[in-house]
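Residue numbers start from 1 in every chain, and the chains themselves are labelled A, B, ... in the order their sequence lines are given, proteins ahead of strands.
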Number of protein chains: 2
Amino acid sequence: MSIAAFAEQAVTSADKTFLQLRVDIVEGTIPAGSKLSETELSTKYQVSRAVIREAINRLESCHLVERKANVGARIVSLTPEGLIQLYQVREALEGMAARLAAKNMSDEEIADLTSLLDNHFQTVKGGESYYQEAGDLDFHYRIILGSKNQHLIEVLVNGIYHLIRMYRVQLGMAGPRVTTAFDEHKNVVQAIANRDEELAEMLMRRHILYSKNNIERKLLQS
Amino acid sequence: MSIAAFAEQAVTSADKTFLQLRVDIVEGTIPAGSKLSETELSTKYQVSRAVIREAINRLESCHLVERKANVGARIVSLTPEGLIQLYQVREALEGMAARLAAKNMSDEEIADLTSLLDNHFQTVKGGESYYQEAGDLDFHYRIILGSKNQHLIEVLVNGIYHLIRMYRVQLGMAGPRVTTAFDEHKNVVQAIANRDEELAEMLMRRHILYSKNNIERKLLQS
DNA sequence: AAGCTTCATTTTGTCGACAATAATAGCTGT
DNA sequence: ACAGCTATTATTGTCGACAAAATGAAGCTT
């Protein structure tokens with residue numbers, strides 16, 4: 001199982017438009033902070049305004065755009081403050097996810113997770129450090145899903161992670177932190193394997209906190 | 001300031017319909033688990049299907065209804081498991097909120113919060129135990145807002161709290177826990193006043209955990 | 001020249017009709 | 001009688017047009 005398992009399948013036209021728009025927003029094709037004109041988008045994406053409106057509504061529930069009545073929708077603007085706040089929420093939620101994963105993941109899921117980390121280790125040792133983007137995501141997603149908590153999964157996977165990715169792409173954070181992050185991952189998995197809820201949560205929180213500090217440092221540099 | 005400060009003001013017709021529908025769902029006027037027919041609702045509320053659809057979309061972002069493409073929307077069904085999961089998320093988020101409140105609340109806000117608790121104390125001492133519903137909410141809302149974290153506020157105030165209220169109303173949990181809860185509140189505020197982030201988070205988490213355990217006990221009784 | 005009012009234009013909100021999909025009932029064949 | 005298929009019905013999805021509100025420009029007043 002890869003993170004491709006999360007590829008939502010679009011059945012309606014509004015689905016496709018929503019997914020397309022989300023990509024365009026996250027990747028910055030449509031710049032952050034800009035206004036979303038319904039008529040403009042409806043001609044651009046070749047769908048009716050109703051479809052666009054529905055797509056925008058869904059984007060709003062992801063916190064990717066903000067709407068004001070009788071005025072319109074604009075893409076959220078990216079601020080250092082906003083990113084910090086995002087990481088605070090992420091720390092709380094993923095910490096809890098790790099705790100619940102330690103309680104709820106099946107032995108088989110844990111084994112899979114362990115072997116996943118082994119693969120990453122081979123890759124990292126092999127000198128390639130593409131790690132961060134795919135591997136890191138895979139690691140975090142499995143633990144989030146492992147929590148078996150529907151609300152947690154929803155908020156993190158459909159909400160926060162897209163926003164974080166938007167920050168990462170647009171503020172350019174391909175970041176190092178590869179090898180150190182790997183050790184942190186290893187320790188979290190070990191705690192989960194030991195069914196140590198307390199420790200799993202604490203380690204995950206620290207992992208995310210380090211990541212936040214790392215990003216904060218970068219932001220202040222530029 | 002009271003919690004009435006959160007009364008969202010409805011400007012468009014979709015706003016009003018959304019708010020009305022939310023009340024009807026939370027209060028159980030429309031029973032949990034039932035299907036939401038667009039045409040039916042549009043005649044019932046005297047608005048076009050377009051505004052019903054928009055309202056349903058927003059209800060979906062609150063996690064009060066679930067939609068399936070080409071099939072329709074139904075109100076979420078209330079399960080003990082779901083309530084437990086909700087409290088897990090709440091514990092994580094409000095714990096973080098208390099931590100951030102200890103860091104970010106102004107001295108004046110803290111003073112207000114303290115005097116609020118004093119008022120509650122007078123009321124509780126006076127024998128009336130209406131406490132829980134209004135007072136408890138006021139306490140928690142202030143701390144959530146005190147975190148100054150927009151994401152936290154959004155998820156808790158617009159999402160989780162309505163769901164929790166739905167559970168409380170429909171599964172009938174006017175709950176005691178008045179006096180003990182009051183002491184817990186007092187300790188949390190004390191920690192915030194001392195700017196002790198660590199302790200504030202821990203105490204808030206325990207407070208919510210106790211509350212969860214209390215509810216779990218009741219669920220198993222019935 | 002600055003500020004206010006008024007009017008034109010643009011954009012969002014709402015509506016009813018049509019298209020497409022899913023659920024249902026009835027029919028047919030074995 | 002039952003299973004499977006087909007046609008009918010009901011419901012959701014999509015569209016274009018109209019209504020209402022906000023933005024921006026022009027003209028007037030001071």
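- Residue pairs meeting the salt bridge (charged side-chain N to carboxylate O under 4.0 Å, His left out) criterion with at least one partner in residues 48-57 of chain B, sequence neighbours excluded, are A:Arg53-B:Glu54, A:Glu54-B:Arg53, A:Arg67-B:Glu54, B:Glu38-B:Arg49, B:Glu38-B:Arg53, B:Glu54-B:Arg58.
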Compile the donor-acceptor pairs under 3.5 Å between side chains in residues 28-37 of chain A and protein atoms, sequence neighbours left out, one pair per line.
residue, atom, partner, partner atom, Å
A:Ser34, OG, A:Pro31, O, 2.6
A:Ser37, OG, A:Thr39, OG1, 3.2
A:Ser37, OG, A:Glu40, N, 3.3

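- Partners of A:Lys148 under the salt bridge (Lys or Arg N to Asp or Glu O under 4.0 Å) rule, at least two apart in sequence or in another chain, are A:Glu109.
- In this view, B:Tyr161 and B:Tyr141 satisfy the ring-ring contact (aromatic ring centres under 6.0 Å, His included) rule, not counting sequence neighbours.
- At a non-hydrogen distance threshold of 4.0 Å, B:Arg67, B:Ala69, B:Asn70, B:Val71, B:Gly72 from residues 56-73 of chain B come into contact with DNA chain D.
- Not a single side chain to side chain donor-acceptor pair (under 3.5 Å) links A:Asp112 to another residue, sequence neighbours left out.
- First and last contacting nucleotides of DNA chain C toward chain A (any atom under 4.0 angstrom from a heavy atom, 5' to 3' order): C:dT11 to C:dT14.
- Taken residue by residue, residues 31-38 of chain A places no heavy atom nearer than 4.0 Å to DNA chain D.
- Distance check, rounded to the nearest 0.5 Å: CD of B:Gln85 to OG1 of B:Thr79 gives 7.5 Å.
- Under the rule for a side chain to side chain donor-acceptor pair (under 3.5 Å), the partners of A:Asp24 that lie at least two apart in sequence or sit in another chain are A:Gln20, A:Tyr45.
- When rounded to the nearest whole Å, the span between CZ of B:Arg49 and P of D:dA10 equals 15 Å.
- The side chain to side chain donor-acceptor pair (under 3.5 Å) check on A:His63 picks up B:Glu154, with sequence neighbours excluded.
- Listed by chain and residue number, A:Arg165 satisfy the salt bridge (Lys or Arg N to Asp or Glu O under 4.0 Å) test with A:Glu27 (two or more places apart in sequence, or in another chain).
- Note on residues 73-94 of chain B: pairs passing salt bridge (charged side-chain N to carboxylate O under 4.0 Å, His left out), not counting sequence neighbours, are B:Arg90-B:Glu94, B:Glu91-B:Arg205.
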